[in-house]
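Whatever order the structure lists them in is the order used to number ligands and atoms, beginning at 1. The figures here come from the full heavy-atom set of this structure, side chains too, leaving out hydrogens, waters and symmetry mates.
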Amino acid sequence: MTSKASLTTEVISQAESYDGIRAGIVRLKDVLKGPSYQATPEGPRSTIQLDAVPIDNWPAETQTVLILGLNHLEKNPRLDYWERGDTLGNRRLREISELLRQWLREKYDLAAQPLPYHVEKGGLFLKDAAVLSGIGIIGRNNLLLHPEWGPRIRLRSILLEGDFQTTEALEGFTPCETCKVFCQKACPMKAFSQGKYSRSICVKQINADVENKVPDGEIGENGKRNLVIKYCRACELSCPVGA
Ligand code: B12
């Protein structure tokens, strides 16, 4: 019988054996009590479509969530380009989630359910889950900051069956306290003009990015590069943490 603590350690080290991955474990009920679930989202929702198969019901026995964070380096911007309905980063996170699901079944006979990206399709608010699991903290750019990579990280979650010990939230990591808030100044839309993030202003930039696709993708059937969406990353890439 594997103890809770060693099961957690093994799952985290298996997840982190994939290149550019950090992981944490959190109780589902704690995520569902997080600030994003209390907030009333302002402004229109985004129109991004992915994850064609929504999850209608989470399995009753799942009480824990494994959070994955994938490093999105500035020098590898392609990970973040939207091409053929998804990004390379999301595809990689989905692939790793599926490999971890198979590993948990084979090694521990435990069920796992990789979750969709969108909350409306059964996904979780991933920044809350990542903060609670100790992957990072929320910065003044309203993004998750990892101590080593800063905000250059993309997230995904997997529901787990079984009794895991959770990983602890970070303490003593407060880089924004002494920062000159480059992130807020970098926003092309001034989405932080009231001192905090405004979704309804930010989404105007995101919608403009959707309208302004650029031929920077893979070579398509017509021999030309596919059109991709390059979503704005100004508040992310201006952050000195992990730059
Ligand atoms: C919808 C969505 C959008 C919408 C709306 C964004 C919004 N914040 O409302 C639009 C299209 C505008 C958008 C823009 C962007 N997004 Co977006 N988005 C999402 C999505 C699907 C849900 C986010 C959401 O609705 N949150 C709910 C609203 C109400 O809360 P919030 O503004 O996020 O703020 C909450 C947190 O900050 C939290 N919080 C604050 N302090 C603390 C402290 C603790 C202890 C806890 C637990 C929580 C907590 O509470 C706040 C609410 O009160 C997530 C994926 C997911 N499933 O979570 C990605 C996600 C948040 N987006 C992401 C990214 C990268 C971006 C962009 C940089 C664009 C891009 N290049 O992809 C910008 C950045 C905007 C910004 N600075 O916040 C990443 C963030 C990665 C990271 N390092 O944090 C995510 C996680 C997706 C991913 N691929 O991993 N996004």
Below 4.0 Å from any atom of ligand 1, is there a heavy atom belonging to A191?
no

With heavy atoms only and a cut-off of under 4.0 Å, state how R154 meets ligand 1: side chain, backbone, both or neither.
both

Side chain, backbone, both or neither: which part of V131 has a heavy atom under 4.0 Å from ligand 1?
side chain

Charged N to carboxylate O under 4.0 angstrom, D216 versus R225?
no

A243 versus C239, closest heavy-atom pair with distance
CB-O, 3.7 Å

Are any of the side-chain nitrogens in R233 or E74 under 4.0 Å away from the carboxylate oxygens of its partner?
no

If we only count N/O pairs under 3.5 Å, is E236 in contact with ligand 1?
no

Quick check: L126 and ligand 1, any N/O pair under 3.5 Å apart?
yes

May I ask you to list the atoms of ligand 1 that are less than 4.0 angstrom from any heavy atom of R233?
71 (N)

For C232, atoms of ligand 1 separated by under 4.0 Å from a heavy atom:
68 (C), 69 (C), 70 (C), 71 (N)

Atoms of ligand 1 under 4.0 Å from any heavy atom of C235, numbered from 1 in the order shown, are 77 (N)

Under 3.5 Å between any N/O of H118 and any N/O of ligand 1: does that happen in this structure?
no

Does any N/O atom on L144 come nearer than 3.5 Å to any N/O atom on ligand 1?
yes

Residue selection (non-hydrogen contact nearest atom 74 (C) of ligand 1) among I206, I153, L143:
L143

Identity of the nearest option to atom 28 (C) of ligand 1, non-hydrogen atoms only, from R199, R156, K33
R199

Taking only non-hydrogen atoms of Y231 and a 4.0 Å limit, the atoms of ligand 1 in range are 70 (C), 71 (N)

Work out whether the distance between some heavy atom of G34 and some atom of ligand 1 is less than 4.0 Å.
no

Give the single entry among Y117, Y197, W149, F125 that approaches atom 20 (C) of ligand 1 most closely by any heavy atom.
Y117

K190 side chain to C187 backbone, donor-acceptor under 3.5 Å
no

For A111 against R105, the heavy-atom pair lying closest together:
CB-NH2, 3.7 Å

Between E16 (side chain) and A23 (backbone), is there a donor-acceptor pair under 3.5 Å?
yes

Taking atom types as modelled, is there a side-chain donor on S6 or S3 under 3.5 Å from an acceptor on the other?
yes

For atom 56 (C) of ligand 1, the option (of L115, D80, L124, L155) bearing the nearest heavy atom
L124

Please determine, by modelled atom types, if T87 and D80 share a side-chain donor-acceptor pair under 3.5 angstrom.
no

Please check whether N90 reaches ligand 1 - meaning an N/O of the residue sits under 3.5 Å from an N/O of the ligand, judged on distance alone.
no

Passing option when D86 is tested against R92, R94, R154 for salt bridge (charged side-chain N to carboxylate O under 4.0 Å, His left out)
R94

Would you call E83 and R78 a salt bridge, taking side-chain N to carboxylate O under 4.0 Å as the test?
no

Can you tell me if K196 uses its side chain to pair, donor with acceptor, with the backbone of N142 under 3.5 Å?
no

